[in-house]
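A quick write-up on the structure given underneath.
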Amino acid sequence: MILATWNINGIRARLDYILDWLAARKPDVVGLQELKAEEKNFPFEAFRQAGYSAVIHGQKAWNGVAVLSRGACEVLQAGLPGTSPAGARMLAVDTGGINFLSLYCPNGKSIEHPDFRSKLSWFDQLAVFLESGDRIDKDRTVIVGDFNICPEPIDSWNEELLAGTIFHTGEERQRLERIIKIGFEDLYRQLNPDTRMFSWWDYRGGAFYKNQGLRIDLLLASDLIASRVTEVYTDRDFRKKRDGRTPSDHAPVIAVLE
DNA sequence: ATGGCAGAGATTCTCTGA
């Protein structure tokens with residue numbers, strides 16, 4: 001079974017690129033983020049023809065999350081309770097016996113900006129939701145998405161330069177740690193304890209070819225599911241321009257389960 | 001090489017992203 005997460009930076013601008021990726025990697029369940037579209041503009045039919053059902057929680061212009069699955073999806077929760085002003089950033093479904101969450105966590109802009117405090121609150125609400133056990137069976141849950149936090153110094157291209165700035169603060173890292181302590185594993189780090197590999201590179205300044213990136217796109221899984229994982233990798237080829245098609249600034253991250 | 005921002009929305013410019 002192949003699970004994946006991908007911030008695709010605009011579903012309408014990226015559709016052909018995503019279809020190429022689905023054909024190449026054949027994932028079973030995919031969490032998508034940053035749809036930048038309402039449900040009425042989501043290309044359900046193109047995904048159906050590619051063999052995927054889709055459920056989405058969208059909004060106009062910004063944010064938006066979806067789950068693609070080869071099997072049927074039952075929506076467990078659309079939107080994180082208590083956070084509606086922050087936008088469409090969470091969708092939980094049951095598919096293939098797994099509770100699968102696609103998250104687009106708030107960015108926060110900078111530590112001085114009001115959005116930074118909102119970001120921390122959003123993570124607090126997420127922890128409350130997960131700890132409550134309402135709607136979600138924690139023992140068979142996978143949480144994927146763009147967390148907009150560098151978990152550890154190894155996950156940044158330049159911790160020395162960026163320590164204490166957005167994505168690199170103790171307050172953010174404590175929030176992520178609280179989520180993980182509920183009972184999840186960071187699948188990439190579990191299988192690759194010492195590897196520096198990123199999932200996002202800025203479009204600007206040649207950041208991709210200079211490998212100035214961050215690992216902010218994560219797959220978390222309950223211990224039971226984590227024990228079945230055999231391989232986790234960033235699909236770096238799909239951060240490159242392909243056949244003249246523009247990539248997202250994030251690469252897909254893929255986990256293989258036996 | 002992977003090449004030097006990009007997408008959406010309201011109007012040729014602003015806002016946002018990480």
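By convention in this document, chain letters (A, B, ...) are assigned in the order of the sequence lines, proteins followed by strands, and residues within each chain are numbered from 1.
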Is the phosphate of B/dG4 approached by A/K241 (side-chain N or O, under 4.0 Å from OP1 or OP2)? no

In whole angstroms, the gap separating P of B/dT16 from CG of A/N63 amounts to 11 Å

Give a yes/no verdict on a cation-pi contact between A/R175 and A/W122, requiring under 6.0 Å between NZ or CZ and the six-membered ring centre and an angle within 45° of the axis. no

For B/dG7, does OP1 or OP2 lie under 4.0 Å from any side-chain N or O of A/R12? no

Here the distance between atom C1' of B/dT14 and atom CH2 of A/W62, to the nearest Å, is 9 Å

From CH2 of A/W201 across to C1' of B/dA6 the rounded distance in Å is 17 Å

d(CD, A/E34; P, B/dG7) in whole Å: 11 Å

For A/R239 and B/dC5, what is the distance between atoms CZ and P respectively, to the nearest whole Å? 11 Å

Any luck finding a side-chain donor-acceptor pair between A/D28 and A/Y52 under 3.5 Å? no

Nearest to the A/K36 side chain among B/dT2, B/dG7, B/dG17, which nucleotide is it? B/dG7

Polar contact flag, side-chain donor to acceptor under 3.5 angstrom, A/E172-A/T169: yes

Can you tell me, in whole Å, how much space there is between the P of B/dT11 and that of B/dA6? 25 Å

Residue pair A/D146 / A/Q33, side-chain donor-acceptor N/O under 3.5 Å: no

Scan A/D202 against the nucleic acid and name what it touches under 4.0 Å (heavy atoms): base, sugar-phosphate only, or nothing. nothing

Whole-Å distance, A/I8 CD1 to B/dA6 P, equals 16 Å

Rounded to whole angstrom, note down the C1' distance from B/dG4 over to B/dA8. 23 Å

Length of the CZ-C1' vector between A/R14 and B/dG17, whole Å: 13 Å

Give me the distance, rounded to whole Å, that separates B/dT16 from B/dA10 when you measure between the C1' atoms they each carry. 15 Å

Nearest-angstrom distance from the residue atom CG of A/N7 to C1' of B/dG7: 12 Å

